[in-house]
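Input: a single structure, listed below in structure tokens.
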Amino acid sequence: MISDSKTKSFPVQDYDLDATLSSGQAFRWRRLERSWIGVIGGHWVRLESSGDAIFAETAEVLSDWKWLMDYLQLELDLNSVLQRFPDDEPMRVAMGACRGLRLLRQDPWECLAAFICSSTKQIVQIQQIISLLCERYGEPVNVPPGCAPAQAFPSAAFLAGLRESDLRACKMGFRAPYLLQSAQRVAAGELDLAGLGQMPVDLAREQLMQLPGVGRKIADCVLLFAYGFQSAFPVDVWVIKALRELYFRRRQVKLKRLQRFSAQYFGTHGGYAQQYLFHYMRTVARPKPPRRRIKAETKNVKN
DNA sequence: TACCAGGAGAGCG
DNA sequence: CGCTCTCATGGT
């Protein structure tokens, strides 16, 4: 077939690849000059955005690019999503600041495992944990000549056979037993990840929250980022900050009330709104870190 | 040094 | 329930 190729160009509109790949939904993308390198399923891929198109390069000749189109959600009409945002000032500001930000559609196990490792961690640290996991326990994938080795995300079955200390060595600390037990339950078929997508969202959430280390927030991340449940609205510290400052004027509001507010106010398409608020708070509205005082005598004096 | 990071679970009243 | 404490690790 003449359409077989290692490269392909996809026309896009309103697709901010940089924002999307760096907005804390996925943790394996690395920037290399103007492009992004990552692994999706068993495919090494390099992506580059030119404004009105996304260019993709893989390591092997392909005729079927559905895996990539699905992951990037290339067929989604973003405007129809943005139109469903609440018509208020905070959302207008976030929308203006994050134009082109998208939600990905990730593999459920990878997404679940990554977010189990995410609790009270900063994004760079989550990236470090995930990359250690993949380097040590993921199946190698083909890469183009001259490129660094890459691995698929390790399967639940493989992780299920490890020891807790193996996972702790990947710097995930107290999350290690959570990930290990969750991997064992998924590998044993006690939780059917593939089946969750066909369930009502509340039932799917309930199933996910049976897993150790998976509470409301992480369950919502998986429901949104892996299954595309548009009503899932992960309420984390950044979104709490956003809701308090933008909708409650810094009044003391309890987490429970924010969760109820978000479900009621943002409704069945709140997931996208959440990502816009999250990204807006992390980038534009991020409080400037206090500038370090430069002390000449600040040297590591190890006696 | 002390504090915090995209939380969850256990133990209390 | 609702609150508080703890969990491991790296960065500032």
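Only a predicted model underlies this, so the values are computations on that prediction, with no experimental measurement involved. Hydrogens, waters and symmetry mates play no part in the numbers below; they use all other heavy atoms, side chains included. Every chain is numbered from 1 and lettered A, B, ... according to where its sequence line falls, protein lines coming before strand lines.
For A:Trp44 against A:Arg46, the heavy-atom pair with the smallest separation is CH2-CB, 3.6 Å.
Between A:Phe266 and A:Tyr272, the distance from one ring center to the other does not fall under 6.0 angstrom. Taking the ring centroids of A:Tyr276 and A:Phe85, they lie under the 6.0 Å cut-off.
Partners of A:Phe225 by ring pair (Phe, Tyr, Trp, His ring centres under 6.0 Å), not counting sequence neighbours, listed by chain and number: A:Phe115.
A:Lys217 has no carboxylate O lying under 4.0 Å from a charged side-chain N of A:Asp220, or vice versa, which leaves the two without a salt bridge.
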Every protein N/O lying under 3.5 Å from an N/O of nucleotides 2-8 of chain C:
from  : atom 1 : to       : atom 2 : distance (Å)
C:dA8 : O4'    : A:Phe174 : N      : 3.0

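Out of C:dG10, B:dG7, B:dA5, the shortest distance to the side chain of A:Lys171 is found at C:dG10.
For the C1' atom pair drawn from B:dG6 and C:dG2, the interatomic distance equals 23 Å after rounding to whole Å. Taking atom P in both C:dG10 and B:dA8, one finds a spacing of 22 Å when rounded to whole Å.
If you take CD of A:Gln275 and P of B:dG6, they are 13 Å apart, rounded to a whole angstrom.
With A:Pro234 as the fixed residue, the side-chain contact (heavy atoms from CB on, under 4.5 Å) test singles out one of A:Leu223, A:Val239, A:Leu224, A:Ile218: A:Leu224.
A donor N or O paired with an acceptor N or O is not found under 3.5 Å between the base of B:dG6 and the side-chain atoms of A:Gln25.
Heavy-atom neighbours of A:Glu60 CD from other residues, nucleotides or ligands within 6.0 Å: above the threshold of 12.
Against DNA chain B, the stretch residues 210-219 of chain A makes heavy-atom approaches under 4.0 Å through A:Leu211, A:Pro212, A:Gly213, A:Val214, A:Gly215, A:Arg216, A:Lys217, A:Ile218.
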